[in-house]
Chemist: 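Sharing a structure here in structure tokens format.
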Amino acid sequence: MTENSVNRKIIATTSNKRKHEQEDKTVNTLSKQAKREQSISKGNVVNKVKTNLKIEAKDEDGSDSTKQEEDDDVNGFDEDQGENDNTFKWWENPEDLDGEVKWETLEHNGVMFPPDYEPLPSNIKLYYDGKPVNLPIEAEEVAGFFGALLESDHAKNPTFQKNFFEDFKTVLKECGGCPDADIVSFDKCDFSKIFQYYDDKREQKKALPSHEKKKMKEEKEKTEEPYKFCLLNGRKEQVGNFRIEPPGLFRGRGAHPKTGKLKRRVNPEDITLNLGKEAKIPDAPPGRKWGEIKHDNTVTWLAMWKENIMGSVKYVRFSQNSSFKGMSDFKKFEKARELKKHIDAIRKDYRSKLKSSLMIDRQIATATYLIDVFALRAGGEKKDDEADTVGCCSLRFEHVFLKPGNTVIFDFLGKDSIRFYQEVHVDPQVFKNLKIFKKEPKRPGDDLFDRLDPSILNKYFQGFMNGLTAKVFRTYNASKTMQDQLDKIPNEGTINEKVVAFNAANREVAILCNHQRTVPKAHQAGVEKINEKIEEMLWQKIKLKRIMLQMDKTVKKKHKEFFEEIEDLTKEKEMEIVERWCKKEIDRIENKFAKDSVKLGYEEKSMSKVDFKEKLMKLKEDHDKKLSKAKELTKQYKSEALKQKYEEKSTYTIEKLKVQVEKLEERIKNTNLQLKDKEENSQVSLGTSKMNYIDPRLTVMFAKKFNVPIEKLFTRTLREKFAWAIESADENWRF
DNA sequence: GAAAAGACTTAGGAGTTCGACA
DNA sequence: TGTCGAACTCCTAAGTCTTTTC
């Protein structure tokens, strides 16, 4: 029996017992808040389907089953799937995972189209050569796409500008040209009025009162509801991207040659729907029709269209928490676990082949080493109209530098044009091989692995294990690294400390997989701000201790260590902190006043003049009061710092002050932890590995074993995506 | 057998919401 | 209670791998 089937059997035989135990376990792992979320989300699903998914399913005898469906919902939904629980627990019967046919019946309401273009007000125009011009509406829309992005990095990219302008001119030509000017030069176009218009709109939306925002959100949800769910084999499932992508400018990453090109509007005629043969075909928007209707039950998409930039196909699929995605994840991680049994043999084989007399074998062995040790991607061939990025098989001469001492520097752009830069020590034979692969007549621009492509490599892998491909190595090594890191964590400390330790393990995996993010623009400023905050908290703490001594000098003798740090804060440093604190406080008050004034300005039209005047007066009064209070405090703190004598409030007691000091100490500790996390995570993105590479059962195991609520480790979305793991792994589970 | 098409996963950034803190 | 930054979700580009076509 394979480990895989053992695992399945364990899941199946324990599932009933687990049903009864689940509630107790849930108490341990889910907080009240998370449970509330769960029940709300389940309730919503039932309600939404009851009221909105008005799909008329026909039974085999042709009768209308909609009523029965509704009755089922009312009665608690799908009783065969567990009492009061509408979740389809496919993981309790994971045998039916494979097979050509993916579903028996599939019903859905089609897709949701973006709103039609809303023309600009008549006073907002593109300026050409200094003069406002009237554009045909189709061209105005395209100019608007660019105008809205004017302040972004994209709009400053010459390729983006060039591609946009070419497509803009094409659209102009298609609709008869501009009546006021012959638009031929990008440099003569001034989009600033258009930018200002969209920017104001954004600001106005942001400044809307919260009840307005809530109302808008509710309306949006109402229109989306019919598309959010579908019926798969009679069961409700959530649809993922049911909103058709709106038109806009293509935002290719890195140096993409097509970045900035016009992404055209997708029409119903462009869309192919995939439904069950018996399912009702949803109505196309009035006066329109669908491109094609398919009944292909060997695939899992609900709709597709061809996009005009790269000519590739876009699909509407099931959401991440659907049974399809869950099963697929489960299979992926089981495949990676299967690799455990073969990895020793594979490593032995490729190590021996590193010295093979056949060039192809040497290249296969060396590439496998890089994929296994440095978690490189396979690296398929790219076309000229794509960004120049590489993976293992497509590495070129210039991406690999060899240094004495078997040291190799890899420097290339990987997926999404993310730089992979690593200086590493490699196996001496790998070093020799790389030297051979770079030997003359090869020169920059030439492939390092000139005999290889991913399909050759994957064929080699499949000789060891069915279904083994290059990407399985990444999943295997990521999850294996996580397991090893988690094994090192001692089961002690606070929940926060355990979470920090978990994140550190997660970070190791993210670094292995080279999951980066651009350092946020405000990162350095943020770090400085936190450091200032820590200084201010230390100042407050020392002040409190000094007050304690003012009140009772004898306490110092009893708690010598406790008071040691009060000497650390010099008069000069204290003055510096006080001045900074006071300046920030005054800035804060002034900023708030400015913001509130703008907000009131937006509301002016909706109130009487008297009301407006009254509100403005009140705002000014509040502001003046706060400002004078802040100025008084400034005076007080400065005088305290100068005299090194602090105001004692009548409510102070030694005990109360001690409690305040302890609270500050706790906050300083937490802020220091936060700073450490911020620094270490500034360039590393933990989410991608957590979502795609780390077997979620490892996280569940950690949560249960270390008594950390699962919602500290998985967001709501991840808890839904990995429901199967939360229910099937216990504290002893191992990858 | 190579290239193209098709179907799926993986990925970072933009936009939105949440929660800590003053 | 309001503000601001962090956390989270959404969006869609960019990969991998399989299947189909020529």
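Numbers restart at 1 for each chain; the letters A, B, ... are given by sequence-line order, proteins then strands.
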Chemist: Categorize A:G252 for me: base, sugar-phosphate, or nothing, with a 4.0 angstrom heavy-atom threshold over every strand shown.
Modeler: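 Sugar-phosphate contact only.
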
Chemist: If only side-chain N and O atoms of A:R243 are considered, is one of them under 4.0 Å from the OP1 or OP2 phosphate oxygen of C:dC11?
Modeler: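 Yes, A:R243 has a side-chain N/O under 4.0 Å of OP1/OP2 on C:dC11.
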
Chemist: Let me spell it out: for each of A:M691 and A:E381, pick the nucleotide of DNA chain C with the closest heavy atom. Which residue's pick is nearer the 5' end?
Modeler: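 Taking each residue's closest nucleotide, the earlier one in sequence belongs to A:M691.
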
Chemist: Can you find a side chain N or O atom of A:T469 that sits less than 4.0 Å from OP1 or OP2 on C:dT16?
Modeler: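 Negative; the distance criterion is not met.
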
Chemist: Quick check: closest heavy atoms across A:R507 and A:L686, and the distance to 0.1 Å?
Modeler: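 The answer is CA-CD2, 3.5 Å.
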
Chemist: Considering heavy-atom distances to DNA chain C, does A:E245 or A:Q462 have its closest nucleotide positioned more toward the 5' end?
Modeler: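 So the residue in question is A:E245.
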
Chemist: Nearest to the side chain of A:V313 - C:dT12, B:dG6, C:dT9?
Modeler: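 Nearest nucleotide to the side chain: B:dG6.
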
Chemist: With heavy atoms under 4.0 Å as the rule, sort A:Q516 into base, sugar-phosphate or nothing.
Modeler: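 If one applies the 4.0 Å heavy-atom cut-off, A:Q516 turns out to touch the sugar-phosphate alone, with no base involved.
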
Chemist: Could you give the distance from CZ (A:F242) to OH (A:Y227), rounded to the nearest 0.5 Å?
Modeler: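 If we round to the nearest 0.5 Å, A:F242:CZ and A:Y227:OH are 9.5 Å apart.
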
Chemist: Just to be sure I understand the rule, does A:S455 reach a base, reach only the sugar-phosphate, or reach nothing, if contact means heavy atoms closer than 4.0 Å?
Modeler: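 If one applies the 4.0 Å heavy-atom cut-off, A:S455 turns out to touch nothing in the nucleic acid.
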
Chemist: Within the distance-only criterion (no hydrogens, no angle test), does the side chain of A:S394 pair as donor or acceptor with the backbone N or O of A:G391 below 3.5 angstrom?
Modeler: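 A pair under 3.5 Å: yes.
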
Chemist: Using whole Å, report how far NZ of A:K415 lies from P of B:dT9.
Modeler: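 After rounding, the reported distance stands at 12 Å.
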
Chemist: Given atom CZ of A:F473 and atom P of C:dC17, what is their separation to the nearest angstrom?
Modeler: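 Rounding to the nearest Å, CZ of A:F473 and P of C:dC17 are 11 Å apart.
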
Chemist: Measure up the A:F722 and A:F714 rings against each other and bin them: parallel (under 30°), tilted (30 to 60°), perpendicular (over 60°).
Modeler: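 Plane angle between 30° and 60°, so tilted.
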
Chemist: Below the 4.0 Å mark, does B:dA14 have OP1 or OP2 next to a side-chain nitrogen or oxygen of A:R253?
Modeler: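 Negative; the distance criterion is not met.
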
Chemist: With sequence neighbours excluded, tell me which residues meet ring-ring contact (aromatic ring centres under 6.0 Å, His included) with A:F374.
Modeler: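 Per chain and number, A:F374 pairs via ring-ring contact (aromatic ring centres under 6.0 Å, His included) with A:F410.
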
Chemist: Tell me which of A:K471 and A:R202 sits closer to the 5' end of DNA chain B, going by the nucleotide each one is nearest to.
Modeler: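 It is A:K471, whose closest nucleotide lies nearer the 5' terminus.
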
Chemist: Which part of the nucleic acid does A:K721 contact within heavy-atom distance under 4.0 Å: base, sugar-phosphate only, or nothing?
Modeler: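 Touches nothing.
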
Chemist: Separation of A:K383 atom NZ from C:dT16 atom C1', in whole Å?
Modeler: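 So the NZ-C1' distance, A:K383 to C:dT16, works out to 14 Å.
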
Chemist: Heavy atoms under 4.0 Å, any strand shown: does A:G311 hit a base, just sugar-phosphate, or nothing?
Modeler: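 No contact.
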
Chemist: Return no unless some side-chain N or O of A:T389 is found under 4.0 Å from OP1 or OP2 of C:dG15.
Modeler: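 For C:dG15, OP1 or OP2 has a side-chain N or O of A:T389 closer than 4.0 Å.
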
Chemist: Check every strand shown and say whether A:S312 touches a base, only sugar-phosphate, or nothing at a heavy-atom separation below 4.0 Å.
Modeler: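 Answer is nothing: A:S312 stays at 4.0 Å or more from every strand.
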
Chemist: Can you tell me the distance, in whole Å, between the CG atom of A:L249 and the P atom of B:dG13?
Modeler: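 It is 19 Å, rounded to the nearest whole Å.
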
Chemist: Within the pair A:R317 and B:dC8, is there a side-chain N or O less than 4.0 Å away from OP1 or OP2?
Modeler: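 Yes, because at least one side-chain N or O of A:R317 sits under 4.0 Å from OP1 or OP2 of B:dC8.
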
Chemist: May I have the distance from A:N458 (atom CG) to C:dG15 (atom C1'), rounded to whole angstrom?
Modeler: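 A:N458 atom CG is separated from C:dG15 atom C1' by 13 Å.
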
Chemist: Should A:K721 and A:D329 count as an ion pair when the cut-off is N to O under 4.0 Å?
Modeler: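 Yes, charged N to carboxylate O under 4.0 Å.
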
Chemist: Measuring from the side chain of A:D296 (C-beta onward, heavy atoms only), which nucleotide among B:dA7, B:dT16, B:dC8 has the closest atom?
Modeler: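 When the side chain of A:D296 is considered, B:dA7 is the closest of B:dA7, B:dT16, B:dC8.
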
Chemist: What is the separation between atom NZ on A:K220 and atom C1' on B:dG15, rounded to the nearest whole Å?
Modeler: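 After rounding, the gap between these two atoms is 11 Å.
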
Chemist: So, OP1 or OP2 of C:dA13: does either fall under 4.0 Å of a side-chain N or O from A:K263?
Modeler: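 Indeed, a polar side-chain atom of A:K263 lies that close.
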
Chemist: Give me the atom names and distance for the closest heavy-atom approach of A:F160 to A:F250.
Modeler: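 Between these two residues, the closest heavy atoms are CE1-O, 3.5 Å.
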
Chemist: Could you check whether A:K382 gets within reach of a base, just the sugar-phosphate, or nothing at all, counting any heavy atom under 4.0 Å?
Modeler: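 Since only primed, P, OP1 and OP2 atoms lie under 4.0 Å of A:K382, the category is sugar-phosphate.
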
Chemist: Between P on B:dA7 and NZ on A:K332, what's the gap in Å once rounded to a whole number?
Modeler: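 Rounding to the nearest Å, NZ of A:K332 and P of B:dA7 are 21 Å apart.
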
Chemist: A:A387 near the nucleic acid: base, sugar-phosphate alone, or nothing, with a heavy-atom cut-off under 4.0 Å?
Modeler: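 No contact.
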
Chemist: Please determine whether a side-chain nitrogen or oxygen atom of A:R377 lies at a distance below 4.0 Å from atom OP1 or OP2 of B:dA11.
Modeler: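 Yes, A:R377 has a side-chain N/O under 4.0 Å of OP1/OP2 on B:dA11.
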
Chemist: By nearest heavy atom, map A:H515 and A:W301 onto DNA chain B; which one lands nearer the 5' end?
Modeler: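 With A:H515 and A:W301 compared, the 5'-side residue is A:W301.
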
Chemist: What nucleic acid atoms does A:Y693 come within less than 4.0 Å of, heavy atoms only: base, sugar-phosphate, or nothing?
Modeler: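 Since only primed, P, OP1 and OP2 atoms lie under 4.0 Å of A:Y693, the category is sugar-phosphate.
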
Chemist: Specify the separation, in whole Å, of atom NZ of A:K213 and atom C1' of B:dT17.
Modeler: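 Taking atom C1' of B:dT17 as the reference, NZ of A:K213 is at 10 Å.
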
Chemist: Give a yes/no answer on whether the side chain of A:T518 brings an N or O atom under 4.0 Å of OP1 or OP2 in B:dG13.
Modeler: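 The answer is yes; a side-chain N or O of A:T518 sits under 4.0 Å from OP1 or OP2.
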
